[in-house]
Amino acid sequence: PFIHNCSMAFKPNRHFLNANFEGYKLSNEKLPTICKDFSGRVDTVKPSDDQQRSYQHVKALTMHNQLSVDPWEPRSVYWRTEDGHLMRGTLQTSQSLTINSVYSFVGRDGSDNPVNASLVFLSEYLCLFSDGRGTLQLLNTGQRTDASLSTAEWKAMETLSLEGLEKRSYTVLDSKLYEDSFSLGVLTMELLPPEHTSSVINHNTKPSVAVYSWHVIHLTKSICAALNQSSSCVEKSIVAKTDLICSLRSSMVAEYWALSEQALILITDSSLVPKDKEVTEKPPVAESRPKPKPVEDVAAGEKVQKEGEV
């Protein structure tokens with residue numbers, strides 16, 4: 001893959017600035033607050049005390065947002081509970097909030113390094129769900145923007161397998177639906193634990209590594225045909241093959257990312273290298289300066305060292 005490291009300078013465009021702007025005024029109107037109980041606790045993966053975790057692991061686990069917003073229905077948010085239910089909260093009015101379960105899935109247990117579950121919406125009918133323990137599913141959500149179907153339960157269309165991530169814990173950062181080519185693009189992140197290079201007493205370990213992988217899942221038919229197949233309960237795989245486009249390693253977790261049909265963009269504070277190469281962060285090399293030679297100071301009448309003179 002083509003990897004390009006670059007730096008850019010951003011400058012404000014004066015044409016978009018209002019010279020007569022006098023600032024914002026704070027409104028005294030109270031915002032409505034709605035509180036509603038739901039069954040079950042939010043499924044949250046936290047760093048364990050008996051396991052060595054790097055800063056990158058702790059950051060990825062603690063900074064994860066458990067709420068997923070639906071771009072096609074901004075009034076709805078989703079989260080997963082510890083008992084495996086995928087919950088939806090929908091704001092009906094300024095004083096009404098409905099909560100219901102749309103999908104239930106209990107994955108495998110015993111994962112060594114589980115991560116938080118992730119939910120990415122592909123269209124108004126489709127989404128990808130990862131339980132954070134190695135299971136990735138393509139779900140048929142039905143028409144989510146139709147209020148009369150808001151209580152309909154989602155259906156699993158396919159359990160997907162990604163190359164190199166079989167039975168591994170990873171997070172789905174982004175996904176795109178390529179309707180013209182009957183395929184899905186999936187961006188995943190896997191955090192590899194630190195590798196010990198000596199005894200635990202010396203705490204000498206290699207830094208943890210974040211692995212970013214771009215997968216393309218090719219379907220056997222269009223999404224419309226696949227949705228009809230799912231609704232008719234035809235037990236036949238809709239996945240033709242899965243390709244790993246590229247896999248990159250970094251010693252830092254990327255802050256920003258973007259996935260399109262032709263490019264993957266990652267912004268991180270460290271270099272990106274192919275997965276089969278080791279990530280090495282070389283410390284800056286200090287400039288070597290020649291040692292000054294002794295010269296005779298006429299005023300003092302003795303030999304002294306003058307810095308910078310040779």
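All values derive from a computational prediction rather than experimental measurement. When reading the values below, keep in mind they use all heavy atoms of this one structure, side chains included, and skip hydrogens, waters and symmetry mates.
Residues Val216 and Leu259 fall within the same hydrophobic cluster, defined by Ile, Leu, Val, Met, Phe, Trp and Tyr side chains chained together at heavy-atom separations under 4.5 Å. In the hydrophobic clustering of ILVMFWY residues, with side-chain heavy atoms under 4.5 Å counting as a link, Ile99 and Leu67 come out together. In the hydrophobic cluster analysis, where Ile, Leu, Val, Met, Phe, Trp and Tyr join through side-chain heavy atoms closer than 4.5 angstrom, Leu122 is grouped together with Leu162. Hydrophobic clustering places Tyr178 together with Leu173 (ILVMFWY residues linked when any side-chain heavy atoms are closer than 4.5 Å, directly or through intermediates). Linking Ile, Leu, Val, Met, Phe, Trp and Tyr whenever their side-chain heavy atoms come within less than 4.5 Å leaves Trp79 and Leu119 in two separate clusters.
Rounded to the nearest 0.5 angstrom, Asn116 CG and Asp131 CG are separated by 11.0 Å. Separation of atoms OG (Ser104) and CG (Leu86) is listed at 9.5 Å; rounding is to 0.5 Å. The distance from the CD1 atom of Ile217 to the OG atom of Ser175 is 7.0 Å, given to the nearest 0.5 Å. Rounding to the nearest 0.5 Å places OG1 of Thr141 at 14.0 Å from CZ of Phe129. Cys127 contributes atom SG, which lies 12.0 Å from atom CG of Leu177 (distance to the nearest 0.5 angstrom). With rounding to the nearest 0.5 Å, the separation of CG in Leu191 from OH in Tyr170 is 14.0 Å.
For the residue pair Glu190 and Arg168, the shortest heavy atom distance occurs at OE2-NH2, 2.6 Å. Glu158 and Ile238 get closest at one heavy-atom pair: OE1-N, 3.3 Å. Closest approach of Ser247 to Ser213, counting heavy atoms only: OG-OG, 3.2 Å. A pairwise comparison of heavy atoms in Gly40 and Phe38 identifies O-CE1, 3.4 Å as the closest pair. Contact record, Glu166 with Glu163: OE2-CA, 3.6 Å, taken as the closest heavy-atom pair.
Proximity of His64 to Val45: side-chain heavy atoms (C-beta onward) are nowhere separated by under 4.5 Å. Looking only at side-chain heavy atoms (C-beta outward), Leu264 and Ile245 stay at 4.5 Å or farther from each other. Counting heavy atoms from C-beta on, the side chains of Val172 and Val186 come closer than 4.5 Å. Taking 4.5 Å as the limit, some side-chain heavy atom of Asp243 sits within range of a side-chain heavy atom of Lys241. Looking at heavy atoms from C-beta onward, Leu165 lies out of side-chain contact with Leu136 at the 4.5 angstrom threshold. Annotation: side chain of Thr242 is not in contact with side chain of Ser161 (no heavy-atom distance under 4.5 Å). Counting heavy atoms from C-beta outward, Leu138 and Leu184 have side chains that approach closer than 4.5 Å.
The only member of Leu91, Thr145, Thr98, Thr90 that meets side chain to side chain contact (heavy atoms under 4.5 Å, CB included) when paired with Ser76 is Thr90. Results of the ring pair (Phe, Tyr, Trp, His ring centres under 6.0 Å) test with Trp154 over Tyr78, Tyr125, Phe105 single out Tyr78 as the only residue that passes. For the side chain to side chain contact (heavy atoms under 4.5 Å, CB included) test with Tyr103, the passing option among Met87, His85, Gln137 is Gln137; the others fail.
With sequence neighbours left out, Thr171 forms a side chain to side chain donor-acceptor pair (under 3.5 Å) with no residue at all.
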CA sep, side-chain torsions, deciding dist, call: Trp257, Met189, side-chain contact (heavy atoms from CB on, under 4.5 Å)
CA-CA 11 Å; Trp257 54 83; Met189 180 187 71; over 6 Å; no
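The salt bridge (charged side-chain N to carboxylate O under 4.0 Å, His left out) pairs that include a residue from residues 35-44 are Asp43-Arg80, Asp43-Arg133, where partners are two or more places apart or lie in different chains.
With a 6.0 Å radius and a threshold of 12 heavy atoms from other residues, nucleotides or ligands, Phe21 has its CZ atom above the threshold. No more than 12 heavy atoms of other residues, nucleotides or ligands sit less than 6.0 Å from atom CG of Asn28.
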